[in-house]
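A short write-up of the structure that comes next.
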Amino acid sequence: MDIKTLDHQYVANTYKRFPVEIVSGHGSVVTDRDGKDYIDLGTGIAVNAFGMGDAQWQEAVIDQIHKFQHTSNLYYTEPCARLAQLLCEKTGMKKVFFSNSGAEANECAIKVARKYAAEKKGPDYYTILTLEHSFHGRTLTTLAATGQDEFHKDFQPLTPGFVHAKVNDLADVLEKARTHKLAGILIEVVQGEGGVIKLDEDFVQGIAQLCREQDIVLMCDEVQVGNGRSGYLYGYMHYGIQPDVFTTAKGLCAGLPLGATVLGEKVETVLGYGDNGSTFGGNPICCAGAISTLSRMDEALLAGVRERSERIVSALTGKKGVKSVSGLGLLLGIDPERDCGTVINECLEEGVLVLSAHGKVRLLPALNIPLDQLDQALAVLVDVLGR
Ligand SMILES: *Cc1c(COP(=O)(O)O)cnc(C)c1O
């Protein structure tokens, strides 16, 4: 049986896959079963930060595989401790809880905010404010946090205690903060899944000020925009704010599952023994890969991200069939004149992999995509968008 048929028969029907079976990859080029090459502007949804099969990343991971693969969190391991140190030193944060995914990292952040607020203000202060169009994960609690009704409809009741405010509408946030007893506010500075919507500077700074004044835990969901993708190490850094908590996953280990909930001074001691746990969280192979990944995210790499971003924005802005280009760094959205799905399928036929986000064409290329490959992919995009 061919792989597509096998998959349809045995894998749960949750994914609408593209009609492509990927069998190998090198850098920003992936190859399908028929030997056709594609330039990959999706990187497994912002995961493969350095593309496929990056040599340095492979070496870090394979070195650790040769030592040992897993111990559980009952024992100390070097990769876990060193990665936590690296994350804190690069961000000024204080402590890290490791898990395996973005949703779990957000679950942990929500637990931290609720425990902090309950101890500081009382048990009524449990509500978490998030934004409309946000995406925070697929567990029942992170779905409740996600401000998109279409994800909620078949799964009621969701975890109570969430309220959603309008994007870039500080008055709405302030009103909801007045009428709810808030534990925390959780935002993506660039909403990825929700349509590549970049939050306004004033709006983010206004939220940060509200959190400071009212001792609300400010949490940034950096699962998609984090780890160099914004052109800054973490997207919040573009806004000059300091969250109390940030969460990340996707690109952190550049291809293996790892989530992190990173805690600042205000909440560093909130979690005590037994307050959270994960069998796989902080897995040594994933942490070794993440140490390698984060260590490479220096100013030169980030300058390269910003350069590539400008190259994409200037190649597409004002072109035929392009209404607008949004986003930050290498998390970009193109609002097409034509149907988004048609554009994406035609790009695929022409050998370029791109993603969607709420009617937009979403680009999430490798942070180090070679400029000639990027230009080749952009030529295809310009052609397809303008048809
Ligand atoms: C993908 C994503 C998540 C969920 O991450 P998983 O690893 O799929 O659980 C959460 N928040 C944001 C912003 C994301 O993009």
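Read the numbers this way: they start at 1 and go in the same order the structure lists the ligands and their atoms.
- Within the 4.5 Å cutoff, no side-chain heavy atoms of Leu353 are placed close to those of Phe18.
- Applying the ring-ring contact (aromatic ring centres under 6.0 Å, His included) test to Tyr116 and every residue at least two apart in sequence or in another chain returns nothing.
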Would you mind listing each N/O atom of ligand 1 next to any protein N/O under 3.5 Å, plus the distance?
from	atom 1	to	atom 2	distance (Å)
ligand 1	7 (O)	Gly102	N	2.8
ligand 1	9 (O)	Gly102	N	3.4
ligand 1	9 (O)	Ala103	N	2.8
ligand 1	11 (N)	Phe135	O	3.2
ligand 1	11 (N)	Asp221	OD1	3.4
ligand 1	11 (N)	Asp221	OD2	2.8
ligand 1	15 (O)	Gln224	NE2	2.7
ligand 1	15 (O)	Lys250	NZ	2.6

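- Ring geometry for Phe246 against Tyr234 counts as tilted: the plane angle lies between 30° and 60°, on a 0 to 90° scale.
- In this structure, the side chain of Lys250 does not engage the main chain of Val223 through any donor-acceptor pair within 3.5 Å.
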Quiz: residues 159-166 side-chain donor-acceptor pairs under 3.5 angstrom, not counting sequence neighbours:
from	atom 1	to	atom 2	distance (Å)
Thr159	OG1	Thr141	OG1	2.7
His164	ND1	Thr130	OG1	2.7
His164	NE2	Ala144	O	3.3

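- Residues satisfying the side chain to side chain donor-acceptor pair (under 3.5 Å) criterion with Gln69, sequence neighbours excluded, are absent altogether.
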